[in-house]
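In listed order, ligands and their atoms are each counted from 1.
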Amino acid sequence: MARVFSGIQPTGEVHLGNLLGAIRNWIVDQHEADSVYCVVDLHAITQQQDPAELRNSTLRLTQMLMAIGLDPDVCTLFVQSHVHEHTGLSWLLECTTSFGELRRMTQFKDKSDKTDFVSAGLFTYPSLMAADILLYDTNRVPVGDDQRQHLELTRDVAVRFNARYGNTFVVPEAAIPRAGARVMDLQTPTNKMSKSSLSPQGTINLLDDLKSVEKKIMRAMTDTDGDVRYDVASKPGVSNLLSILGACTDRTPEDAAEGYAQYGALKKDTAAAVVETLRPIQARFAELSNDPGETARLLAIGATKAREVAGPVLARAREHMGFLTS
Ligand code: TYM
């Protein structure tokens with residue numbers, strides 16, 4: 001059975017981009033593959049976090065993933081810092097990644113431009129991400145389009161490690177969806193929807209009040225030519241709505257465009273599709289968030305399952321690299 005691995009950072013609220021670009025596919029994959037999903041708290045500290053807030057966000061994000069449909073009895077769901085193998089392998093991979101490769105990462109450039117304190121961890125982050133993936137002999141990594149470059153680096157590092165030290169790692173493939181791979185900000189549709197966005201009107205968080213979700217979509221930036229078609233370069237706003245509508249209704253953005261003669265109807269249907277997607281998630285989250293003890297119990301089981309896979313893979317990498325066994 002194929003192994004699937006993916007991760008998400010516990011920073012800020014989960015937004016529509018996270019759902020449509022990644023998590024939605026995790027729900028499907030868990031029934032078709034041996035699936036491992038990780039709340040990547042170690043990645044979150046590449047930027048300074050308030051400790052109480054980090055603890056709270058880690059728990060809430062886990063509850064949100066379960067509210068969306070991840071079933072810890074079916075997949076492996078755990079917190080990255082509970083499985084020490086991640087940091088153990090990441091050092092080996094940092095020493096197999098070049099400075100030049102890390103310097104070319106566009107996410108590093110974007111994030112380091114926005115902060116005064118640029119941690120060394122922010123720079124070496126892709127090596128930790130490669131460790132996350134390679135530790136599980138992963139075949140497929142369902143992510144949004146913004147992670148493509150990190151995935152390519154992971155593949156390059158795996159191939160290099162295998163060439164230097166003998167066959168050690170499975171070389172993974174990225175799985176990027178047709179619709180929803182890059183959900184854009186509703187007000188500035190040339191920027192991706194993001195947790196760090198400065199415009200609350202441009203971002204839909206999964207726990208947003210449903211009335212305000214509707215309003216945000218009805219007020220989304222479009223253009224003046226009135227033609228409904230999927231054309232990201234010249235019609236970014238309309239294309240973003242089509243991509244959201246397509247992802248929520250299991251169609252390609254081109255198919256979702258069929259039959260619309262004006263923006264009003266497109267916005268109305270997109271708003272309705274998003275509201276119907278979010279409503280059950282919000283209801284389930286409200287139930288799950290009442291029982292943090294149960295969430296912690298499930299995470300402990302997830303960490304044990306994860307370690308069973310990660311432990312032998314790290315041991316294999318250490319042995320191939322030439323470390324004495326202790
Ligand atoms: P993160 O936490 O930023 O995002 C989680 C997932 O959501 C996707 N995503 C989007 N998809 C479509 N449109 C958007 N606007 C949008 N914004 C975010 C991301 O592509 C991602 O799939 N480095 C990763 C976390 C990570 C990881 C891993 C992922 C750490 N280790 C190993 C896969 C495998 C990140 O920061 O994702």
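- Of all protein heavy atoms, the one lying nearest to atom 25 (C) of ligand 1 is G7 O, 3.6 Å.
- Close approach of ligand 1 to H15 (heavy-atom distance below 4.0 Å) involves ligand atoms 16 (C), 17 (N).
- Judged purely by distance below 3.5 Å, without hydrogens or angles, the side chains of H320 and T168 pair a donor atom with an acceptor atom.
- Of the polar atoms of I8, none of the N or O atoms is found under 3.5 Å from an N or O of ligand 1, judged by distance alone.
- Residue R182 has at least one heavy-atom neighbour below 4.0 Å for each of these atoms of ligand 1: 12 (C), 13 (N).
- Here is the list of ligand 1 atoms found below 4.0 Å of a heavy atom in A22: 6 (C), 7 (O), 22 (O).
- For the side-chain contact (heavy atoms from CB on, under 4.5 Å) with L77, the lone residue among I301, D71, T295, L70 that qualifies is L70.
- In plain terms, the two heavy atoms of P142 and A22 that are nearest each other are O-CB, 4.2 Å.
- For ligand 1 and I133, the ligand atoms under 4.0 Å from any heavy atom of the residue are 32 (C), 34 (C).
- The closest protein non-hydrogen atom to atom 2 (O) of ligand 1 is Q9 N, 2.9 Å.
- Considering every non-hydrogen atom in both C75 and Y37, the closest pair reads SG-CD1, 4.0 Å.
- Atom NZ of K195 sits in a crowded spot, with more than 12 heavy atoms from other residues, nucleotides or ligands closer than 6.0 Å.
- The side chain to side chain donor-acceptor pair (under 3.5 Å) test with K235 singles out one residue from N240, D225, T222, and that residue is D225.
- When non-hydrogen atoms are compared, ligand 1 lies under 4.0 Å from the side chain of V40 (C-beta onward) but not from its backbone.
- Residue G21 approaches ligand 1 through these ligand atoms, each under 4.0 Å from one of its heavy atoms: 11 (N), 12 (C).
- Distances below 4.0 Å separate heavy atoms of Y125 from the following atoms of ligand 1: 23 (N), 24 (C), 35 (C), 36 (O).
- For ligand 1, the atoms sitting less than 4.0 Å from at least one non-hydrogen atom of H43 are 30 (C), 31 (N), numbered in the order shown with element in parentheses.
- The nearest protein atom to atom 13 (N) of ligand 1, hydrogens excluded, is given as V183 N, 2.8 Å; this is a heavy-atom distance.
- Side chains of N191 and T188: no donor on one and acceptor on the other come within 3.5 Å.
- If you look at V141 next to ligand 1, the close heavy atoms, those under 4.0 Å, all belong to the side chain.
- L266 approaches L245 most closely through the heavy-atom pair CD1-CD2, 3.9 Å.
- Contact analysis puts A181 in contact with ligand 1, with a non-hydrogen atom separation below 4.0 angstrom.
- Residue contact check for ligand 1: G180 places a non-hydrogen atom closer than 4.0 Å to it.
- Residue K211 places its NZ atom among 12 or fewer non-hydrogen atoms of other residues, nucleotides or ligands, all under 6.0 Å distant.
- Remark: among candidates M129, H86, M184, the nearest residue to atom 28 (C) of ligand 1 is M129, based on non-hydrogen atoms.
- Remark: R3 does not engage D137 in a salt bridge, criterion side-chain N to carboxylate O under 4.0 Å.
- When T138, D146, V143 are ranked by how near their heavy atoms come to atom 20 (O) of ligand 1, first place goes to D146.
- For ligand 1, one of its N or O atoms has an N or O atom of G17 under 3.5 Å away.
- The 12-atom threshold is not exceeded at CD of Q48, counting heavy atoms of other residues, nucleotides or ligands nearer than 6.0 Å.
- Contact annotation: for D132 versus ligand 1, heavy atoms closer than 4.0 Å belong to the side chain alone.
- Between D145 and ligand 1, not a single N/O pair is under 3.5 Å apart.
- A salt bridge links E276 to R279: one of the charged nitrogens lies within less than 4.0 Å of a carboxylate oxygen.
- Backbone and side-chain nitrogen or oxygen atoms of H150 are examined, and none is located within less than 3.5 angstrom of a nitrogen or oxygen of ligand 1.
- Atom CZ of R318 sits in a sparse spot, with 12 or fewer heavy atoms from other residues, nucleotides or ligands closer than 6.0 Å.
- Between R284 and E287, at least one side-chain nitrogen of the basic residue sits less than 4.0 Å from a carboxylate oxygen of the acidic one, meeting the salt-bridge criterion.
- Atom 37 (O) of ligand 1 has as its closest protein heavy atom Q147 NE2, 3.8 Å.
- For atom 22 (O) of ligand 1, the closest heavy atom belonging to the protein is G144 N, 3.2 Å.
- The K195 neighbourhood of ligand 1 comprises atoms 2 (O), with distances under 4.0 Å to a heavy atom of that residue.
- When only non-hydrogen protein atoms are considered, atom 4 (O) of ligand 1 lies nearest to N18 ND2, 3.3 Å.
- Side-chain contact check for S81 and D41: at least one donor-acceptor pair (N or O, by modelled atom type) lies under 3.5 Å.
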